[in-house]
Amino acid sequence: MCGVLGIFGEIEVSAAQSLLQLLVHRGQDASGLAWVDPYKVHRYSKVKGAPASIDIPQELTNAVIGSTRYPTLGNRKGDVPKEKFAQPFAYQTTMGTLALAHNGNITNMHDLTEKRYQSDAEFITERLGELINQEGHLGVALIQLSKELDGAFSIVGILGTQLFCFRDPQGIRPLVAGRSQAHTVFSSESICLQQAGVTEIIDVQPGELIYVDGKGDWQKEQLVKPTNVAHCYFEYVYFASSVSTIEQRNVYGVRLALGNELGDELIKNGVAEQIDAIVPVPDTSKAACSTLSEKLQKPLREAIMKNRSSKRTFIMPGVDERELAAKAKYLFVDEFIQGKHLLIVDDSIVRGLTTKYLVKILRERGAASVHVAITCPPQRFACYYGVDFGTDSQLIAKNDTPVDYVKDQIGADSLTYLSITGLQSAINLPNLCLACLNGRYPTENGQRIRLLITEGKLPQDQTHYEISHTK
Ligand code: SF4
């Protein structure tokens, strides 16, 4: 997952940097900005780490794009400087310099080129640049690009001095747009637009191009018919900021509804009556815990607190790093743990390391029992579209692993997942990607890879990039 931002209209580059910092929850491995300077020349500044550390001059610009990077490819072992993978990337075209940042993953990149890219944003920039040179037209180039690419790609770009954004025909990753009197803003999430004073915010439609023309007006073109639209449910459950609204659904509101649905499951399976208190695993599950507490008539107690000096574990690149970070990430309030029957609530169990650690620590600190509830169903299959579980083998609940096995692995007294129907009901959108839950991938190449794995023709421990390599 990554975050992207684009702004048209006079603005200090440092103000764009502050807005980009609001997307740090979508990635903090590397960040970058590209802007058009007063001489209409493209400038770039990229760093390892969060946007706040990007080095920029005091300068006004009329067009700027930015990215926060979350690695799902390249630089996993840390043997290449992280800033090398930072977006935006650049390509010289006959229509001016193209600067581009993207969020998502392309499943067939290595089927399309002999060059072994370590970043699909770099690949998309170069391929779109080539197509612009070939077609002499941005819209036509994007139509051709959409025919070639399989996967998720929410793009913001500057071509010459023109700002544009484009969303893949399935609309897998979010992309929103809006205008204030002075600015047009595109972003992965509405939090940036809200902070920029934009009040009317729309979702960029799957397959839609929005660009700012020479007069500063925006033009919308439905370049590609939306097909098999599949918005990622995990944005609501885990990734997006609670402040943001995606597809007209406020993320905080959805999380409240997730808690309500989970309450039904806990009443049904009898866990509700066995607990003294509900303990959120901070921060994502806090909203769900507030409605869950109301529904079960059990107190919410923040017995696990976040150590604010540590990083979010899921978006750290290596497993070892995550294990270390899990230890540093949480602090505990013993008075609300000792002798209590606790229900800890988290947004997901991906590899299981954090949950296992929390259950163990709560027991060591004197909890009478530790039950676990999760605000989404078990992730059983790899994500090929930009979330960092690119192989089935990374998942503790992979394929048809029994829930009881996961419960035993994490050491909990009970484990309750939200059902798929509960999840769908809470999000209340007709077109969701649920591929990591049910194995039904919304894109052709995603389906092809899944079929080959199911038939045993491809190993479960290879990412789709490696699969393309070995094809
Ligand atoms: Fe989101 Fe899962 Fe689909 Fe990936 S496979 S895009 S995580 S729903």
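If you're wondering where the values come from, they're calculated on a predicted model, not measured in any experiment. Note that ligands are numbered from 1 as they come in the structure, with each ligand's atoms numbered from 1 the same way.
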Problem - Total protein N/O/S atoms whose distance from atom 2 (Fe) of ligand 1 is less than 2.8 Å - result: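 Counting protein N, O and S atoms closer than 2.8 Å to atom 2 (Fe) of ligand 1 gives 1.
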Exercise for the section: Identify, with sequence neighbours excluded, every residue that meets side chain to side chain contact (heavy atoms under 4.5 Å, CB included) alongside Ser293. Expected result: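 Here the qualifying residues are Ile278, Leu300.
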Exercise for the section: Not counting sequence neighbours, which residues clear side chain to side chain contact (heavy atoms under 4.5 Å, CB included) with Pro51? List them please. Expected result: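 Only Leu20, Gln21, Val24, Ser31, Ile54, Thr68 meet the side chain to side chain contact (heavy atoms under 4.5 Å, CB included) criterion with Pro51.
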Exercise for the section: Check the surroundings of atom CD in Gln219: do more than 12 heavy atoms from other residues, nucleotides or ligands lie under 6.0 Å from it? Expected result: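 Counting other residues, nucleotides and ligands, CD of Gln219 exceeds 12 neighbours.
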Exercise for the section: Identify whether NZ of Lys or CZ of Arg in Lys286 sits under 6.0 Å from the centre of the six-membered ring of Tyr252 and within 45° of that ring's axis. Expected result: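 No - Lys286 does not lie over the ring of Tyr252 by the 6.0 Å and 45° rule.
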Handout entry: For Lys225, salt bridge (charged side-chain N to carboxylate O under 4.0 Å, His left out) partners two or more places apart
Key =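 Applying salt bridge (charged side-chain N to carboxylate O under 4.0 Å, His left out) to Lys225 gives none.
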Exercise for the section: Check ligand 1 against Arg173 and write out every atom of the ligand that is under 4.0 Å from a heavy-atom position of the residue. Expected result: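 Ligand 1 atoms under the 4.0 Å threshold to Arg173: 6 (S).
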Handout entry: Numbered atoms and elements of ligand 1 in range of Ile172, under 4.0 angstrom, heavy atoms
Key =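 That gives atoms 6 (S) of ligand 1.
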Practice task
Could you point out which residue of Gln87, Glu148, Met109, His102 forms a side chain to side chain contact (heavy atoms under 4.5 Å, CB included) with Ile124?
Solution key: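 Exactly one pass, corresponding to His102.
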Handout entry: Residues Arg450, Glu444: salt bridge by 4.0 Å N-O rule
Key =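 So Arg450 does not pair with Glu444 through a salt bridge.
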